[in-house]
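Worksheet: one structure, shown below.
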Amino acid sequence: MLMIRTASFLRVALFLLVLLMLPAGSLYAQKKKQFTVVLDAGHGGNDPGAVHGKVKEKDINLTVTKMLAEKIKKKYPEVKVVFTRSTDVFVTLEGRSNKANKEKADLFISIHVNSAKKRSADGVETFMWGIPSTEDEKRLAMYENQVVELEKDKGAKYKKFDSDEDFILKQLMFDQDVTLSAEIAQLVQKALVKSTKRTDRGVKSGDLYVLRNSAMPRILIEMPFLSNAGDRQFLTSAAGQKKIVEGIFEGFSKYYELYGKNNDDNAGGASVDDSVEVDEENVKSGVPLFKVQLFAADTKLKSNDKRFKGLKTDSFKEGKWYKYTYGSTEDYDKAVKMKKEVSAKFKDAFVIAFIDGKRVETSKAVEIYKKNKKKK
Ligand SMILES: [Zn+2]
C-alpha cells in the first residue's frame, strides 16, 4: 500500500513539476483558442451619431458597451473581451472590422442607438449583414453607413459595391457565419425585448459596412430610439441602460453556452463546430439534408402548439435548446423555397443542414450539395 501511494505521489509530483516548467497557457493553447468577443461601441470622436439636445448616441453606446464588458468578464472570466474603442475617439468602420479580424474574434457585437425622422418609430432591433428587403432596413443601413463621409476617402472603398447586389449575394454564399449570426441575432433580440419590454422590431438584414468585412458571426444591435420620447426616457435612464445590458448579456450568454463554452468536452450538447470537425470524413460521403429552422425554445413543445402556427414541425436538441424545424429535403434550392414559404409566418426562419444526422454549417453543406449536383 505504502509503496503504491509513494509511487503515485511521485507521479503527481512529477506531473506538477512538468506543469510548472511549461510556459503559461501552452497547455490549452493548442487545444482551443480563447473565446474572443469584440464589442464595438458605435460612433465616437467627431462623429456623435444620433443627437438630441445634449444627449449623444456615441456616449450611450460607450457606456452600455463598457457595462456589458464588465458583466461578461465577471460571469465568464475565461472570455477575452476586446473593444474597438474604449474612449471618445473616431474609428473608421473598416478599422473596427479589421480589429475583429486581427483578433480572430469568435463574435462581433456592434452597439448603436436608433433614430428616425418619424418620431413615432420606437423599439429595439438586431441586424445581420445581408440584403435589405424593406425600406426600413435600407434606411437603417444608410443611416449607420453615412459616417464614412467623415473618413479620409469619403467612403470610396465601401461604395464601389453599393450598386452591386450581386456582390452581397456572392459573399453570402461563402459566408460561413450566416447561420451563427442568425442565432446570436435571434437570441439577443429575444432577450432584449424581454428585459426592456420595448417594441419588438425583430431581426433584420442590411448592408452595414461595419459588418461587411468581419469574418465571424456578427450583429449590430439598435437600442431604443433617441428620436422617440418614451424610448429616449428609457434609453437615457440608468435603470433603462441596465435593462438593455441585461438583455444583450442574456443573449450573449445563451450563445456562448451553446457555441463557445467548452466545445471540446461538451459531449452532450453538440456544437456546430464539433459536428463539422468530428464529421469531416463523413462529410465527403454523406448527403446533406436541409431543413428550415423556425425558432428555438428551452422547452419541449407539443406538436399542436400554437407557436407552430399550424405548420407540421420536427425538432432536434442542441445543448439545452429544442430547435424546431420545418420540412426536409436534399435539394438546397427547394429548402430556400421552403424558407420563403414560411417566412410570412416566421420572419426569422433560416435554412440549416445536417449530414448523417449531425448538424453542420449550412454553407459547407451547400458546397457539398453543389459538388454532388455537378457530378450528376
Ligand atoms: Zn449608430
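Read the numbers this way: they start at 1 and go in the same order the structure lists the ligands and their atoms. Along the sequence shown, residues carry numbers from 1.
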Any luck finding a side-chain donor-acceptor pair between H43 and E57 under 3.5 Å?
yes
The ring pair (Phe, Tyr, Trp, His ring centres under 6.0 Å) partners of F234 (sequence neighbours excluded) come to none
Sequence neighbours excluded, the answer for ring pair (Phe, Tyr, Trp, His ring centres under 6.0 Å) partners of F225 is none
Protein-side N, O or S atoms sitting under 2.8 Å from the Zn ion (ligand 1) are H43 NE2, E57 OE2, H112 ND1, E144 OE1, E144 OE2
Y324 and Q293 side chains, donor-acceptor separation under 3.5 Å: no
For D333, the salt bridge (charged side-chain N to carboxylate O under 4.0 Å, His left out) test, sequence neighbours excluded, returns K373
Parallel, tilted or perpendicular, as decided by the 30° and 60° cut-offs, for the rings of Y259 and Y255
tilted
